[in-house]
Amino acid sequence: MSENPTTSNFLRSMVAGDLQSGRCQKVVTRFPPEPNGYLHIGHAKSICLNFGLAQEFGGTCHLRFDDTNPVKEEMEYIESIKASVRWLGFDWGENLYYASDYFEQLYTWAEVLIVAGKAYVDDLSAEEIRGYRGSLTEPGKASPWRERSVEDNLALFRRMRGGEFPDGSKVLRAKIDMSSPNLNLRDPVLYRILHAPHPHVGARWCIYPMYDFAHGQSDAIEGITHSICTLEFEDHRPLYNWLLENLPVPGHPRQYEFARLNLGYTVMSKRKLLQLVKDGDVGGWDDPRMPTLDGLRRRGYTPAAIRLFCERIGVGRSDSWIDLSVLEDCVREDLNEKAPRALAVLKPLKVVIDNYPPEQVEELEVPNHPGHPEMGSRKVPFGREIYIERDDFEEFPAKGFFRLAPGREVRLRCAYFIRCEEIVRDAGGEIVELRCNYDPATRGGSATDGRKVKGTIHWVSARHGVTAEVRLYDRLLTTASSTGDDWKAALNTRSVEVIAAVLEPGLAGAAPEDRFQFERLGYFCADRHDSHPGAPVFNRTVTLRDSWGKGGQSPA
RNA sequence: UGGGGUGUCGCCAAGCGGUAAGGCACUGGUCUCUGACACCAGCAUUACCUAGGUUCGAAUCCUAGCACCCCAGCCA
C-alpha cells in the first residue's frame, strides 16, 4: 500500500550498468539451493534478490539445484524447496535445472583440463592433502603425484569413473599454484569418489564434482549473466574465473557477493536447524518457531510480508544483524490490511451481567474490518454471561489503566457499556467471576446520552463461544545470537504456550491457513495441518503493538 | 605474521567532491467503539572507525593506523 520507494543497492546499479553498457542484453540470474535442508528466511533474501532483479530488469531467473553432494541431499528437500519458492510468489517457468544434469558435460571438461595438463589425479589421502596444503602463512607443497603424465591422469580418471577405486582413495585436482596466498587456488579438489546414489540422477555416478567445479560451469551452460552468492564465496571467485577461462565454456558469467542475513533470537545455519529437528527440540522443519519458510508459513507469515522484509533490509556487503522487530513489523503491515477481525479471549474471566435478561440472546453486528467497510460485517451472539480477557480487569487499577475495575464502566466492543459491581472469589481467594450491570441504552456500543467511556474491551459469549487450542509463540532463543558448542543453552524453554481460548462462534469454521486479527491481541492463523473446520487450532503469528504494556514484547 | 572483505544514528541502509534519504526501534502529541491502525513532531547540528593530508569545499580523493568478518572440507 504505502510507497517505500525501493532504494538502490549495489546489485541493482551493477545490473543497470551492465544492461546500459551492453555487457549483456538480458539479465539472467539463478537461485541455486543445495537440497540438503529446508529453505529459511535467509534463502528468501537470495530468492527475492535473484528473482527480483530478473523481474525488475525484464530478465529471467532459474531455479537450479546445486546437487553435487549426494550423501547430504534428498528428494524430500528438493520438493520442499520448489514448494517454498512457489509459495513465496516466484515462478521459474521452464527454467528448472539440476547441476547433476550437467555431470556428463562437466566430466568432459574435466578431461579437457587433464589433457591441457591443468588437472591431475592425486593419490594422497584427505589428511595428507590437508598437510600438503600449508597454512595461512606458509605455502603448500606439491603432491608427489602432481607431475603424472597426461596419459596416466586420463587413464586413472577414467578408471575412477569406472568405479575401480574405493571412496577417498583418489581425487582429481586442478593444477594451479600450491603457494598461492588464496588457499582455494592451492590445487583445489575437483572430483571425489563417492559410491553413493544420487537423489536426482540415480546410481549412474561414483565420482562427483565439487561445488567449485560445478557452479561456474553450470552458470555458463545456462547463460547466467549475474551469479549472485554470499560473501563467504568471495575467495572462490578467482577459482570460479580460472575454470571458466581454462575451459571451452559458452560464455563467462560474473560472480557478485552480498552479505548473508542474520536475524536475532533465532538460528540460521542449516546445520543447527537440522539439529533442532533431529533432537526433537522443535516439531519439525515447519515448526512455527523455526525461521524456515515452512515454519514462518505455519506461523502465519504471508509471502507478501516476507517479500516486504527482504526489500526493507536492503542488500550490502557488511555483516549485519537485523532486528526481529523489522520482520514483525512487516507481517503486521500486511495483515493489518488483509486480515478480517474477530473476537477471541485468550485468558478468560467470566462476567455475569446481572441486569441482563437470563435467557436473552442478541445478535450484534460487528464489522469485519473497521478500515474496510467493503469487507462487510457479521453477527455475533451476546448473552448474559460472557468472557473477557483476564488482563482487562484489575482490582486495584494502576494509574493510567482504563479498562475494567470495580465501579468502573467500559465498553464491550460493538455491544454495551458495562459497569463492574462485584468481584466473586473462590475458596482460595482467586477472582473467578465478575458481576456487572449493563446499560441497555448503549446497544451497539455507544451511549445515547453522549456519555464517553475510555476503554473498549473484547468479549465472547460464554454460551456460544468455542473453546479452541491456541498456541502462543515466542522467540526461539533467549539471546540475540548464540555460538559455540553449547549454543542450545540459549534455547527459550518457553517458546510456545498452548492454551485453551474462547473464540467467537464464527471462527469454528476457519479453514487451514485462514488468518485473523483477534482484536486487541494480535494476528492468528489457523494451523495448516492441525486445524480443521469445526475443530480450529490457531497459531499466534505476532502480537499487536501494545503501548500500554510499554515496549514490553511478547508476553507469551 | 598470508590472502580476501567490511566499517554512515540502538538495528538495517542511501550517498560516489558540494555541504548527512528512508525503514525498524525509541520519545512526545493528535485521533480512536481495537491503548491497534492512521496522522503530526522529535530522533547523526562541523558529525559518517581513528589520525593526518589534498581541496574554496570531503562521508565521498590520498596516506597511515585501528576494529570486526571470511578462508587451511575429498561441504555448499
Side-chain angles (χ1 to χ4, degrees), chain A residues 4-5 7-9 13 32-34 36 66-69 71-72 122 124-127 129-131 133-140 167-173 180-186 188-194 208 210-212 214-215 229-238 257 259 264 270-271 311-330 332-333 336-337 341 343 366-367 370-371 400-403 411-415 417 442 444-446 452-458 480 517-522 543-549 551:
Chain A
N4 290 330
T7 64
S8 185
N9 62 54
S13 316
E34 181 192 13
N36 67 343
D66 224 328
D67 52 354
T68 56
N69 185 3
V71 311
K72 286 188 177 172
D122 195 344
L124 252 29
S125 68
E127 303 71 55
I129 285 180
R130 190 185 318 133
R133 187 149 35 220
S135 71
L136 294 179
T137 53
E138 305 159 303
D167 289 4
S169 61
K170 285 177 168 42
V171 290
L172 180 73
R173 293 228 256 168
S180 170
N182 181 342
L183 284 335
N184 295 118
L185 262 20
R186 320 246 261 226
V189 171
L190 266 23
Y191 267 91
R192 76 284 217 191
I193 299 171
L194 245 32
Y208 291 92
M210 296 287 288
Y211 162 84
D212 287 304
H215 207 92
C229 61
T230 44
L231 245 25
E232 63 271 28
F233 291 98
E234 192 156 25
D235 289 337
H236 292 243
R237 198 183 346 151
E257 311 85 15
K270 277 196 205 171
R271 198 195 101 242
E311 182 55 44
R312 273 194 187 165
I313 60 177
V315 204
R317 288 172 60 85
S318 56
D319 296 311
S320 56
W321 283 82
I322 308 294
D323 274 1
L324 212 48
S325 67
V326 180
L327 217 208
E328 293 179 337
D329 186 69
C330 288
R332 290 196 188 102
E333 182 167 322
N336 177 48
E337 284 300 308
R341 317 279 117 135
L343 297 177
V366 181
F401 182 82
F402 50 72
R403 274 109 93 158
R411 168 169 40 237
L412 292 176
R413 168 127 251 232
C414 300
F417 285 10
T442 57
S446 42
K452 295 284 188 199
V453 87
K454 188 73 172 152
T456 297
I457 66 176
H458 56 279
Q517 181 200 89
F518 288 178
E519 292 204 38
R520 304 208 311 130
L521 296 171
T543 61
L544 247 34
R545 273 203 201 82
D546 182 4
S547 55
W548 167 241

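The analysis underlying the following values was restricted to heavy atoms, covering all of them including side chains, and did not include hydrogens, waters or symmetry mates. These figures come from a predicted structure and were not determined experimentally.
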Touch class at under 4.0 angstrom, heavy-atom based, for L190(A) against every strand present:
nothing
Please classify the nucleic acid contact of I322(A) as base, sugar-phosphate, or nothing, using heavy-atom distances under 4.0 Å.
sugar-phosphate
N/O donor-acceptor pair under 3.5 Å between N182(A) side chain and D235(A) backbone
yes
Going by ring centres under 5.5 Å and near-parallel planes (under 30°), is Y211(A) stacked on A76(B)?
no
Specify the separation, in whole Å, of atom [atom1] of [X] and atom [atom2] of [N].
X       : N      : atom1 : atom2 : answer
L327(A) : A25(B) : CG    : P     : 12 Å
Q517(A) : U34(B) : CD    : P     : 11 Å
K454(A) : U32(B) : NZ    : C1'   : 9 Å
L231(A) : G7(B)  : CG    : C1'   : 13 Å
F402(A) : A36(B) : CZ    : C1'   : 12 Å
K270(A) : C75(B) : NZ    : C1'   : 11 Å
D319(A) : A67(B) : CG    : C1'   : 12 Å
K72(A)  : A76(B) : NZ    : P     : 8 Å

Taking salt bridge (Lys or Arg N to Asp or Glu O under 4.0 Å) as the test, write out the residues that go with R317(A), two or more places apart.
E234(A), E257(A)
Is [X] side chain donor-acceptor paired with the [N] base, going by distance under 3.5 Å alone?
X       : N      : answer
R403(A) : G35(B) : yes
R341(A) : U34(B) : yes
H458(A) : A36(B) : no
D235(A) : G3(B)  : yes

Checking understanding here: a glycosidic angle within 90° of 0 is syn, the rest anti, so what is G73(B)?
syn
Residues that S169(A) engages under side chain to side chain donor-acceptor pair (under 3.5 Å), provided they are two or more places apart:
none
What residues form a side chain to side chain donor-acceptor pair (under 3.5 Å) with T456(A), not counting sequence neighbours?
R411(A)
Can you measure from CG (N336(A)) to CG (L544(A)) and round to the nearest 0.5 angstrom?
8.0 Å
Roughly how far, to the nearest 0.5 Å, is the CG atom of D122(A) from the CD1 atom of I129(A)?
5.0 Å
V326(A) vs N9(A), nearer the 5' end of RNA chain B by closest nucleotide:
N9(A)
If you assign each of R413(A) and S320(A) to its closest nucleotide in RNA chain B, which residue comes earlier from the 5' end?
S320(A)
Are S318(A) and A13(B) close enough that a side-chain N or O sits under 4.0 Å from OP1 or OP2?
yes
Represent RNA chain B in dot-bracket notation, 5' to 3'. Only Watson-Crick or G-U wobble pairs with both distances under 3.5 Å count; pseudoknot-style crossings use [ ] and interstrand partners use |.
.(((((((.[[[..)..(...]]].(((((.......)))))......[[[[[..)....]]]]])))))).....
Residue set satisfying ring pair (Phe, Tyr, Trp, His ring centres under 6.0 Å) with H215(A), at least two apart, ordered chain then number -> Y211(A)
With sequence neighbours left out, write down each residue that passes ring pair (Phe, Tyr, Trp, His ring centres under 6.0 Å) with F518(A), or none if nothing qualifies.
F524(A), F538(A)
